[in-house]
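I have placed the structure first, in the form of structure tokens, so that the comments after it can refer back to it.
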Amino acid sequence: MNINVSFEFFPPKTQMAAIQLRDNAIILEKMGPHFFSVTFGAGGSTRTGSIETIKLLQSETKIPVAPHLSCLGSTFEDISGLLEVYKNLSLKRIVALRGDLPAGEKREGDLNFAYELVSFIRKTTNDYFHIEVAAYPEVHPEAPNPTADIINLKRKFEAGANSAITQYFFNPDAYFYFKDECAKENIFSPIIPGIMPITHFDKLQRFSSICGAEIPRWLSKRLEMYGDDQESIKAFGAEVVYNLCQRLVAGGAPALHFYTLNQAGPTLNLLQMLGIQGFSL
Ligand code: FAD
């Protein structure tokens, strides 16, 4: 299979986790990804960790790095400072987001929505960055309705975004229907499916309830049945996500973005099942 892939990492919290991330990035580099992305906590909570992770990936691999930039709780000055740092690191791609502050935390900032951030990046840096934004085939949890959410995506493209990466989902029809609805609003920019490998049922349930991704009943019931049998969960999860990727690519997905959770194994396994060979550097 011939399709662009990209891999997402988060800033590790310990020295040991940083070493593991480096080793996993070196393994995944061999698959020839289009870019690595690094998450960023809203309010600047991971500012130092995100920048260190970007530098680590730049020094240990040859893959372009795309920082996420979450604007909630940040001032124009904070954002300008970060854009300057990213330019100095020769980064050319940004994933521009609103972000989520930790529950109960309130922080004053100059930007409330991702489209305002996209607009600000364009105003201050023109066409220097390729800007990715987030999209939600299963609807963002705070959106008043699906159409309003698509109009919000349109606002992000009109503000200057180049492409979008989706929240993860397990029902390919959610993506295809979403793309059709986007086309009705004249959104034809690339919308790249975000892919979550399934490795742990509890963790997946926790993430999914926070970010509004649906685990279909047929899937959760089977994962639940395996209990502590991690091997069966991984094998079944890989089969499900492999089928999802196949249908997405066959249906015209422009690329696949993998939420690696800083692990190489599950993503690598999926790429091998899909026949994405990578290259040797
Ligand atoms: P927005 O596009 O601003 O939308 C947020 C909500 O506001 C939506 O419900 C939208 O419909 C609504 N809305 C927009 N404009 C208006 C308006 N004018 N009036 C009323 N409502 C409006 N989070 C992080 O903290 N760090 C990360 O690194 C990170 N990476 C991510 C990567 C991807 C690919 C994805 C899909 C999500 C990521 N997230 C990250 C999570 C994301 O920040 C959250 O989902 C957040 O709640 C919304 O961000 P957004 O950029 O989609 O916001």
Side-chain angles (χ1 to χ4, degrees), residues 5-12 34-47 49-51 53-54 65-74 78-79 82 86 93-103 105 107 109-121 130-169 174-175 178 181-182 185 187 189-196 207-214 253-262:
V5 292
S6 51
F7 302 132
E8 182 170 315
F9 301 110
F10 60 83
H34 199 41
F35 62 89
F36 287 147
S37 82
V38 177
T39 62
F40 185 94
S45 56
T46 66
R47 191 183 191 280
S50 295
I51 295 173
T53 306
I54 292 162
V65 183
H68 294 206
L69 179 44
S70 322
C71 64
L72 215 54
S74 292
D78 296 332
I79 304 286
L82 269 168
Y86 295 157
R93 182 184 290 265
I94 282 184
V95 185
L97 304 143
R98 185 197 72 174
D100 290 314
L101 289 171
E105 194 174 310
R107 210 186 265 245
D110 289 330
L111 298 147
N112 293 313
F113 297 108
Y115 72 90
E116 297 171 342
L117 174 63
V118 175
S119 200
F120 182 73
I121 297 173
H130 177 108
I131 304 178
E132 307 270 359
V133 289
Y136 301 87
E138 293 181 334
V139 187
H140 185 266
E142 292 164 43
N145 60 60
T147 306
D149 212 24
I150 287 177
I151 298 299
N152 178 49
L153 178 62
K154 189 175 168 130
R155 266 199 295 264
K156 296 195 261 193
F157 282 120
E158 285 171 351
N162 301 96
S163 43
I165 302 173
T166 76
Q167 186 54 274
Y168 68 87
F169 55 89
Y175 174 78
F178 180 71
E181 291 298 296
C182 285
E185 294 295 338
I187 301 172
S189 303
I191 299 177
I192 299 158
I195 305 296
M196 178 66 89
F207 280 147
S208 303
S209 68
I210 294 169
C211 70
E214 190 189 42
L256 298 173
H257 178 80
F258 288 85
Y259 296 103
T260 69
L261 302 182
N262 291 5

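Counting convention: from 1, in listed order, for ligands and their atoms alike.
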Give the residue and atom name of whichever protein heavy atom lies nearest to [atom], and the separation in Å to one decimal.
atom	result
atom 13 (N) of ligand 1	Phe113 CE2, 3.5 Å
atom 1 (P) of ligand 1	Asn152 ND2, 3.6 Å
atom 38 (C) of ligand 1	Leu97 CD2, 3.6 Å
atom 32 (C) of ligand 1	His68 CE1, 3.6 Å
atom 46 (C) of ligand 1	Asp100 OD1, 3.3 Å
atom 26 (N) of ligand 1	Phe40 O, 2.7 Å

Just distances here: any N/O of [X] and N/O of ligand 1 closer than 3.5 Å?
X	value
Tyr136	yes
Ala96	no
Gly99	yes
Ala114	yes
Arg98	yes
Arg155	yes
Ala148	no
Asp149	yes
His140	yes
Tyr259	no

State the atoms of ligand 1, each with its element, that fall below the 4.0 Å cut-off from a heavy-atom position in [X].
X	result
Ser70	24 (C), 25 (O), 26 (N), 27 (C)
Gln167	36 (C)
Ala134	35 (C), 36 (C), 52 (O)
Thr39	28 (O)

Can you tell me if Phe10 has a non-hydrogen atom under 4.0 Å from ligand 1?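 The answer is no, since Phe10 has no heavy atom less than 4.0 Å from ligand 1.
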Heavy-atom contacts under 4.0 Å between Lys156 and ligand 1: side chain, backbone, both, or neither?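 Looking at Lys156 and ligand 1, just side chain atoms fall under 4.0 Å.
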Is the contact between Ala143 and ligand 1 made by the side chain, the backbone, both, or neither, using heavy atoms and a 4.0 Å cut-off? both
For the pair His257 and Tyr259, name the ring-plane relationship: parallel under 30°, tilted 30 to 60°, perpendicular over 60°.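 Because their plane-to-plane angle is over 60°, the rings of His257 and Tyr259 count as perpendicular.
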State, with a plain yes or no, whether a side-chain heavy atom of [X] is found less than 4.5 Å away from one of [Y].
X	Y	result
Pro12	Thr53	yes
Pro146	Phe178	no
Val95	Phe40	no
Glu185	Phe157	no

List the atom of Leu72, the atom of Gly99, and the distance in Å for their closest heavy-atom pair. CD2-O, 3.7 Å
Where do Ala134 and Leu97 come nearest, in terms of heavy atoms and distance?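 The pair with the smallest heavy-atom distance is CB-CD2, 3.7 Å.
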Got a sec, which residues hit side-chain hydrogen bond (donor to acceptor under 3.5 Å, both in side chains) with Arg155, two or more places apart in sequence or on another chain?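 Expected list: none.
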Among Glu132, His68, Arg93, which one satisfies side chain to side chain donor-acceptor pair (under 3.5 Å) with Ser37?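 For Ser37, the side chain to side chain donor-acceptor pair (under 3.5 Å) check succeeds only for His68.
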Backbone N or O of Gly194 within a donor-acceptor pair of the Thr166 side chain at under 3.5 Å? yes
Can you tell me how far apart CG (Asn152) and CZ (Arg98) are? Round to the nearest 0.5 Å.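 One finds 9.5 Å between CG of Asn152 and CZ of Arg98.
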Ring pair (Phe, Tyr, Trp, His ring centres under 6.0 Å) partner of Phe36, chosen from Phe9, Phe10, Phe258: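 Passing option: Phe9.
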